[in-house]
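Encoded as structure tokens, the structure appears first; notes follow it.
Residue numbers begin at 1 in each chain, while the letters A, B, ... track the order of the sequences.
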Amino acid sequence: MNVVVVPGADGSGLLRRAGEETEAVADLAAAVRELETRAGNGPAGDPAAGGDGRGAGRSEDGAGPGGRGAGRGGAGGGAGRWVWADTREVYPALLERGVRLARCHDLVLTEGLLLAHEGRYGEPRSVRAAHARLHGLPVPDDHEQDHAGHHGPGARQAVLFEEERPPPPDAGLVAEVHADQLRRIEATADPRRFRLLVAAESAGALIAAEMAHDGMPWRRDLHDALLAEMLGPRPVHGMRPPRLQALADEVTAVFGTSFNPDSVQQIVKAFKAAGTPVSSARAHELKKIDHPGVAPLLAYRELARFHSFHGWAWADQWVRDDRFRPEYVVGGVVTGRWATSGGGALQIHKAMRRVVVADEGWTLVVADAAQLEPRVLAAMAGDRGLARAAGQADLYHALARAFGGERDHAKIAMLSAMYGGTSGDAPKLLAVMRQRFPEAYRFVEDAARAGEEGRLVRSWLGRTCPPPSARWRELVSGPEGSRAARDRGRFTRNFVVQATAAEWALALMAVLRGLLPDPARLVFFQHDEVMVHCPQELAGEVAEAVGRAAEEATRLLFGPTPVRFPMEAVAVRCYADAK
DNA sequence: TCGGAGGGCGCC
DNA sequence: AAAGGGCGCCCTCCGA
């Protein structure tokens, strides 16, 4: 049975079960826990669990979402769900109380998916807005509480705008919007797929909150040691670290005293004055010329980037108690990939992986989907030849013969087809692809054509791309029109593949979450890669769950298909040791 | 003083 | 002739 939840002040809230009156409860977490347990989703957490984030990642947090029986808590199930406006407004507080839930329906995320599908991309997604649309009333703007701008743990508690926030909608209104969404889902082109999309997106919202709660293991002592090794001792605020200053001095000595190595303009000007002009200040441009300033400048830039992205200040803000807790934004990318609103979790430099170390007696199970996007294309397009190759562990190797025996040529052909590449050997290789894999070729070409003509495209499950802007429509009928059309064609061409790959990954995580034995926890997700933190003795079981989740995600999306989605999991003590 | 644009580059 | 998808983040620069 579905239960509507509206959070109130001081841990209270409203609950409304289908067909019943709204019930006000003083302790929302306790009431939710009680109902979740009764619904057979397993213990929803230990009442004694405190709010200590680090401890919560360990053991006293109680069983997860139904423990190992909660496979149905994944993306598929049609059983009861918690229905609420926005997972980010409800779930973190429940997690603090040790409550974990199997399934939810996130109305704001779903509204976004539905609006886009209905060709109304970008309209306000709030429950109030949805309700107003439903009744033909004036639609309020989304009250932007996205917390972007004030980053850092605790930003969510920022009281700055507390006064201006409208009171939460009543539970009846929420239930009404939910019912309307269910109707609209049934009206989509393929309701089964769209239901799956909504379930996966909502599961993603739960997972994102849980990962922020549990945090990724992050050894601050190792991080500090790494920084000291690369940059020297920590400087006072605003100063360059010693190693960085030394490189800056070196560059300045070459170019003159007022030279700022962070200034692109000055770099280009300086190389021009030196008689070695460059078309840009990019590393690969600078590497082409012979000048004594190049080496120290590039070394400076690399270190400077490290200092500002992953330095002491970053760690102060994002790492606490040896846990990195970024803020994920589910569906933050138009293709359905996640984004982050702080912490840069999806751009963590590979060199930082050596500070990601499992707790004592625990291990990290790391798995990534190999060659996910071409496999997704093979499955979507129903191309027999490509699907046969995608049945192999190394898709590009299996394709090599079709492209004259060169694995690299097969790879360039596939990437060019998916990204719209046309440089180098791409045209020649795409001609081969068109001949040998006509359905796959046509699939991406059709998507590109749709984009060029200003039409919308959809992912496999029904996520819909944004419409072209008014500016684009202007441009496309002007003198530079073909350029604008091509750009949008490349976007839609890539959208269908990237968005479906994101769906597969979401489904994988949703299923995996339900299969994980307690107290194993998902702690990191990056597009096609997941990390689970678990006691060493569970590593084998977790690795096996990853494989099963990949198979189940494939079955949920594509049904029977010869395409394989290999997901090899390795158990490592340190992230840097994975692959 | 602040915000946006653009460059550059890390991740997928 | 060249031409490549999606992001976030930090920096400089420039104009309101």
Check salt bridge (Lys or Arg N to Asp or Glu O under 4.0 Å) between A:D528 and all other residues, then give those that pass, not counting sequence neighbours.
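Applying salt bridge (Lys or Arg N to Asp or Glu O under 4.0 Å) to A:D528 gives none.
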Salt bridge (Lys or Arg N to Asp or Glu O under 4.0 Å) with A:D487: which residues, sequence neighbours excluded?
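A:R483, A:R490.
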Base-pair map of DNA chain C as dot-bracket, where | denotes pairing with a different strand and pairs are Watson-Crick or G-U under 3.5 Å:
....||||||||||||
Touch check for [X], heavy atoms < 4.0 angstrom, all strands: base, sugar-phosphate only, or nothing?
X      : value
A:V334 : sugar-phosphate
A:D368 : nothing
A:S308 : sugar-phosphate
A:S263 : sugar-phosphate

So, is A:R490 near the phosphate of C:dG5, with a side-chain N or O under 4.0 Å from OP1 or OP2?
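Yes.
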Phosphate contact (C:dG4 OP1 or OP2) by A:N494 side-chain N/O below 4.0 Å
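Negative; the distance criterion is not met.
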Check the side chains of A:E285 and A:S280 for a donor-acceptor pair under 3.5 angstrom, ignoring hydrogens and angles.
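Checked: A:S280/A:E285 side chains show no N/O donor-acceptor pair below 3.5 Å.
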If you assign A:V333 and A:P427 each to the DNA chain C nucleotide with the nearest heavy atom, which residue ends up on the more 5' nucleotide?
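The answer here is A:P427.
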By nearest heavy atom, map A:A426 and A:A339 onto DNA chain C; which one lands nearer the 5' end?
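That would be A:A426.
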Salt-bridge contact [X]-[Y] (side-chain N to carboxylate O under 4.0 Å):
X      : Y      : result
A:R354 : A:E229 : yes
A:R493 : A:E445 : yes
A:R337 : A:E373 : yes

In whole angstroms, how far is the [atom2] atom of [N] from the [atom1] atom of [X]?
X      : N      : atom1 : atom2 : result
A:H307 : C:dC11 : NE2   : C1'   : 13 Å
A:D425 : C:dA3  : CG    : P     : 14 Å
A:L377 : C:dG5  : CG    : P     : 17 Å
A:I267 : C:dC13 : CD1   : P     : 10 Å
A:D487 : C:dA2  : CG    : C1'   : 13 Å
A:W314 : C:dC9  : CH2   : C1'   : 13 Å
A:H310 : C:dC10 : NE2   : C1'   : 11 Å
A:E445 : C:dG4  : CD    : C1'   : 14 Å

Can a cation-pi geometry be assigned to A:R407 and A:Y396, taking NZ or CZ under 6.0 Å from the six-membered ring centre and within 45° of the ring axis?
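Relative to the ring axis of A:Y396, which defines the angle, A:R407 lies outside at least one limit.
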All ring pair (Phe, Tyr, Trp, His ring centres under 6.0 Å) counterparts of A:F259, not counting sequence neighbours
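A:F259 satisfies ring pair (Phe, Tyr, Trp, His ring centres under 6.0 Å) with A:F255 once adjacent residues are dropped.
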Footprint string (nucleotides 6-12 of chain B, 5' to 3'): B base within contact, S backbone only, - free, heavy atoms under 4.0 Å:
-SBBBSB
Tell me, please, which residues at least two apart from A:N494 pass side chain to side chain donor-acceptor pair (under 3.5 Å).
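A:N494: side chain to side chain donor-acceptor pair (under 3.5 Å) contacts with A:Q498.
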For C:dA1 versus B:dC9, give the span between their P atoms, rounded off to a whole number of Å.
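Going atom to atom, P in each nucleotide, I get 28 Å.
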Using atom P of each nucleotide, how far apart are C:dA2 and B:dG10 to the nearest Å?
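Approximately 25 Å lies between the P atom of C:dA2 and that of B:dG10.
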Do the ring planes of A:H291 and A:F271 sit parallel (below 30°), tilted (30 to 60°) or perpendicular (above 60°)?
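Aromatic pair A:H291/A:F271 classed perpendicular.
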